[in-house]
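Below: the structure, in structure tokens.
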Amino acid sequence: MQAPSSPTLFSQVQISLGERSYPILIGDSVLGEPSSYSDLPRAAQALIVTNTTVKPLYADALQSALRHHFRQIHVLTLPDGEAYKNWEQLNLIFDALLQNTSDRKTVLFALGGGVIGDMTGFAAACYMRGVPFVQVPTTLLAQVDSSVGGKTAINHPMGKNMIGAFYQPLRVVCDLATLKTLPGREMAAGLAEVIKYGPIYDMEFFDWIEAHVDALLEHDAAALAHAVQRSCQIKAEVVGQDERESGLRAILNFGHTFGHAIEAGLGYGQWLHGEAVGCGMVMAATLSQRLGLVDGAFVARLRQLLKRAGLPVVGPVLSQSDNAARYMELMRVDKKAEAGEIRFVVLQKPGKAVVQPAPDAMVAEVIDACCQP
């Protein structure tokens with residue numbers, strides 16, 4: 001699979017969900033284009049929800065693009081970071097909507113990364129029992145994963161994304177130009193979610209990522225355009241078959257069961273979500289090997305790619321007394337758990353994932369092995 005010879009200046013991926021279908025617009029400098037929003041429903045008001053990092057970079061451009069579509073455009077700026085994905089910040093969105101006497105036609109715009117997208121979507125799902133919203137993701141992780149598919153949530157101290165709703169946006173506008181301002185650590189975190197799609201769904205794409213990971217880290221426009229487009233295509237195919245994660249969609253959580261435990265155990269924001277997922281993928285692949293599903297060579301290959309992407313591949317110690325027990329305690333809160341039994345996304349083979357339980361003793365061995373330098 002070859003990357004395009006020049007950047008894809010505009011492409012569109014469709015999420016097919018009947019009446020809830022919507023487009024993902026992918027292009028260069030599309031955030032500030034009025035045409036990206038011209039066919040949205042008309043309303044008296046719009047509320048842009050963003051954060052302290054993104055607002056000075058892109059809020060003016062989005063306001064300008066929306067100026068002829070809404071009579072009033074309000075901007076709410078929240079703190080930046082996973083530590084603020086909570087009830088307190090969510091209530092600030094409701095406060096802004098109520099203070100502005102926003103009605104059911106008010107459109108919310110999520111301008112930022114995964115935290116802003118998740119919280120804005122959850123607020124849209126709840127306010128007046130549902131108002132329209134648009135995702136305008138500005139990080140690689142949000143563009144290839146969290147902005148697509150309608151999962152919205154906030155964190156709880158006992159578990160990540162445990163309080164939320166499935167609520168689809170009107171559209172997703174992925175502006176590749178915003179990736180130029182991403183710090184290296186954020187870029188690497190986003191690559192974890194790109195890499196994920198290979199082992200679970202498309203090994204040809206995995207081969208391509210191996211060949212182009214350096215170009216992606218260097219913000220090569222053509223490589224990024226292809227990575228975002230293919231990632232969105234895969235997620236659209238999966239979500240279109242299983243919107244509410246009753247079966248197939250759970251494979252998109254490869255590495256996330258371990259990763260969410262890392263985030264909650266360390267404290268939200270200590271590791272970026274993509275860093276925790278990257279390390280979690282090593283653990284999940286190692287568990288797949290212990291289950292006799294994939295060989296050690298593939299686990300080593302995945303670990304090496306994650307290292308090249310700048311991601312951690314050794315798990316943190318969450319408890320000095322019994323590290324494996326602490327991981328297990330946190331993972332029992334995972335949304336895939338059933339009747340207290342932890343279920344993992346494992347690789348049936350490279351390119352195909354399944355969800356199944358594993359013996360606690362085996363999982364503990366994997367945790368101990370993967371937390372050793």
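Counting non-hydrogen atoms of other residues, nucleotides and ligands closer than 6.0 Å to CZ of R71 gives a total of 12 or fewer.
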side-chain contact (heavy atoms from CB on, under 4.5 Å) evaluation trace for Q304 with E210: CA-CA 10 Å; Q304 180 60 25; E210 283 184 316; over 6 Å; no
List the steps and the verdict of salt bridge (charged side-chain N to carboxylate O under 4.0 Å, His left out) for E245 and K335. CA-CA 10 Å; E245 202 170 84; K335 293 181 290 296; over 6 Å; no
Please report the C-alpha distance between L47 and F133 in whole Å, then the side-chain angles of each, then the deciding distance to 0.1 Å, and finally whether the side-chain contact (heavy atoms from CB on, under 4.5 Å) criterion is met. CA-CA 9 Å; L47 173 65; F133 86 108; over 6 Å; no
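The line from CG of L62 to CZ of F109 is 6.5 Å long, rounded to the nearest 0.5 Å. Atoms CG and CG, from L191 and L306 in turn, are 9.5 Å apart once rounded to the nearest 0.5 Å. Rounded to the nearest 0.5 angstrom, H219 NE2 and M187 CE are separated by 4.5 Å. A distance of 4.5 Å separates CD1 in I24 from SG in C232, rounded to the nearest 0.5 Å. Rounding to the nearest 0.5 Å places OG of S16 at 10.0 Å from CD of E237. Residue H74 holds its NE2 atom at 11.0 Å from CG of L76, rounded to the nearest 0.5 Å.
Shown here are the salt bridge (charged side-chain N to carboxylate O under 4.0 Å, His left out) partners of D334, two or more places apart in sequence or in another chain: K336. Qualifying side-chain hydrogen bond (donor to acceptor under 3.5 Å, both in side chains) partners for D207, counting only residues two or more places apart in sequence or in other chains: R301. In this structure E329 satisfies the salt bridge (charged side-chain N to carboxylate O under 4.0 Å, His left out) test together with R326, sequence neighbours excluded.
Between E186 and T139, the side chains place no donor N or O within less than 3.5 Å of an acceptor N or O (distance only, hydrogens not considered). Between T181 and Y58, the side chains place a donor N or O and an acceptor N or O closer than 3.5 Å (distance only, hydrogens not considered). No donor-acceptor contact under 3.5 angstrom links the side chains of E263 and H256, judged on distance only.
Each of R230, K352, K235 was checked for a salt bridge (charged side-chain N to carboxylate O under 4.0 Å, His left out) with D202, and the lone residue meeting it is R230.
No single ILVMFWY cluster, assembled from side-chain heavy atoms under 4.5 Å apart, contains both F166 and M162.
Within the hydrophobic cluster formed by Ile, Leu, Val, Met, Phe, Trp and Tyr side chains joined at under 4.5 Å, directly or through other members, L272 stands alone, with no partner residue. Grouped by direct or indirect side-chain proximity (heavy atoms under 4.5 Å, Ile/Leu/Val/Met/Phe/Trp/Tyr only), L287 sits with F258, I262, L266, W271, M283, L291, L293, L318, Y327, M328, L330, M331, I342, F344, V346, V354, M362, V363, V366, I367.
The shortest side-chain heavy-atom distance between L170 and P41 falls under the 4.5 Å cut-off. Here the side chains of Q143 and L179 are in contact, with some heavy-atom distance below 4.5 Å.
D80 contributes no side-chain N or O that, together with a main-chain N or O of N51, makes up a donor-acceptor pair within less than 3.5 Å.
The list of side-chain hydrogen bond (donor to acceptor under 3.5 Å, both in side chains) pairs with a residue in residues 114-135, not counting sequence neighbours, reads K85-D118.
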